[in-house]
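All chains are named by letter (A, B, ...) in the order of the sequence lines, taking the proteins before the strands, and each is independently numbered beginning at 1.
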Number of protein chains: 2
Amino acid sequence: METPNAVAALAALAQDNRLDIFRLLVEAGPEGMAAGQVADKLGLAPNTLTFHFDRLRFAGLVTVRREGRSMIYAARFEAMNDLVSFLTENCCQGSQEKCAPAAICKPTGVRHEAVSRARRR
Amino acid sequence: METPNAVAALAALAQDNRLDIFRLLVEAGPEGMAAGQVADKLGLAPNTLTFHFDRLRFAGLVTVRREGRSMIYAARFEAMNDLVSFLTENCCQGSQEKCAPAAICKPTGVRHEAVSRARRR
DNA sequence: AAAACGTTTCCATATTCGTTGAAATATGGA
DNA sequence: TCCATATTTCAACGAATATGGAAACGTTTT
């Protein structure tokens, strides 16, 4: 992954609502999730949601497709993987032993924590 | 790593100059690097640099110590590692096979690419 | 065709961000 | 003490960001 794309991806995820959105899409899996469902789950206004989807899409983290009158958004796992690789490489330069050890390689099992704090506003 | 810290770290790295700064510090290793050296290498004004250092420090990605009249900044590898773990966990929920495979675990060897585009302005 | 539904576009607003120039602060040396 | 060096603080600015309301758009149902 090239630096500008990495910056774009980081910026896209560096916002509470967008990170929540992305998490939800990751949880939803490759089939994705309708915009309206995301709006309901997270308590976001539809236009605000569109704004954030645009950013995620521009960063290549998400894809859209139409299905009936719904827009289905889905996480691009490949992009996320690229980002993690980018960070790992740029984190471990010159001191591989200090960073990204076995910890991140062990399958940790599905973790939850978020998504229970929806309907904030 | 808790979500708000992750967002802070992502935001801190989601900016060209700051990402370059952090990379430079990673390259410099645990002993760190004087603010002035970073300014020289990247061609940034000292006050601008202070601004970015503050953000990196606030996000826990960097530490400072005084040494003579220089301020030595150093990357906090632990924080970076936490961030990568956070992303990996939040990326792979429900579909471990799709994301963060062996690729990121293989030591890829030291990569360069940046730092040669300094003195932009 | 009309109405309902799901989403996006447009416009406005308050806030945050990145950068700059000038002045202030802290340390070390003559 | 006076001066140079290294960095931070302060005030200001334009640009980008996040959000909201109202209207428009495309699709399905009737």
What one should report as the nearest heavy-atom pair of A:Y73 and A:L25 is O-CD2, 3.4 Å
**Prompt:** Of the non-hydrogen atoms in A:P30 and A:F77, which two are nearest, and what is the gap between them?
**Reply:**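 Here A:P30 and A:F77 meet closest at N-CE1, 4.1 Å.
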Would you say A:H52 places a side-chain N or O within less than 4.0 Å of OP1 or OP2 belonging to D:dT19?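 Answer is yes, contact under 4.0 Å.
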Integer-rounded Å distance: [N] [atom2] and [X] [atom1]:
X     : N      : atom1 : atom2 : result
A:L56 : D:dT17 : CG    : P     : 13 Å
B:L44 : C:dT20 : CG    : C1'   : 13 Å
B:M71 : C:dT27 : CE    : C1'   : 11 Å
A:F58 : D:dA16 : CZ    : C1'   : 13 Å
B:F51 : C:dT20 : CZ    : P     : 12 Å
B:L49 : C:dT20 : CG    : P     : 12 Å
B:Q15 : D:dA16 : CD    : P     : 13 Å
A:N17 : D:dG20 : CG    : P     : 9 Å

TODO: Could you check which nucleotide pairs with C:dG29 in any of the strands shown, counting Watson-Crick or G-U wobble with both distances under 3.5 Å?
DONE: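 By the stated definition (distances under 3.5 Å), D:dC2 pairs with C:dG29.
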By nearest-heavy-atom nucleotide on DNA chain D, the more 5' of A:A11 and A:E67 is A:A11
Quick check for you: among [options], whose closest atom lies nearest to any side-chain atom of [X]?
X     : options                : answer
A:R69 : C:dT8, C:dC5, D:dG20   : C:dC5
B:A45 : C:dT20, C:dT19, C:dG6  : C:dT20
B:T48 : D:dG20, D:dT9, C:dT20  : C:dT20
B:P46 : C:dT27, C:dT19, D:dT7  : D:dT7
B:R66 : C:dT7, D:dT19, C:dA26  : C:dA26
B:D54 : C:dT7, C:dT9, D:dT9    : D:dT9
B:R55 : D:dA18, C:dG18, C:dT19 : C:dG18
B:T50 : C:dT19, D:dT7, D:dT8   : D:dT8

Connected via hydrophobic side-chain network under 4.5 Å: A:V64 and A:I72
no
4.5 Å side-chain heavy-atom contact, B:L13 and B:R18:
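When only atoms from C-beta onward are counted, B:R18 and B:L13 do not touch, as no gap falls below 4.5 Å.
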For B:S70, which contact category applies under a 4.0 Å heavy-atom criterion: base, sugar-phosphate, or nothing?
sugar-phosphate
Check your understanding: NA contact type, B:Y73, heavy-atom cut-off 4.0 Å: base, sugar-phosphate, or nothing?
Key -> sugar-phosphate
Relative to the 5' end of DNA chain C, which residue comes earlier, A:N47 or B:A14, by the nucleotide with the nearest heavy atom?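 Its nucleotide being nearer the 5' end, the pick is A:N47.
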Exactly one of B:V62, B:L61, B:L56 clears side-chain contact (heavy atoms from CB on, under 4.5 Å) with B:I21, and that residue is B:L56
Any side-chain donor-acceptor pair under 3.5 Å between A:R65 and A:S70?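 There is no such pair (donor and acceptor under 3.5 Å, judged by atom type) between the side chains of A:R65 and A:S70.
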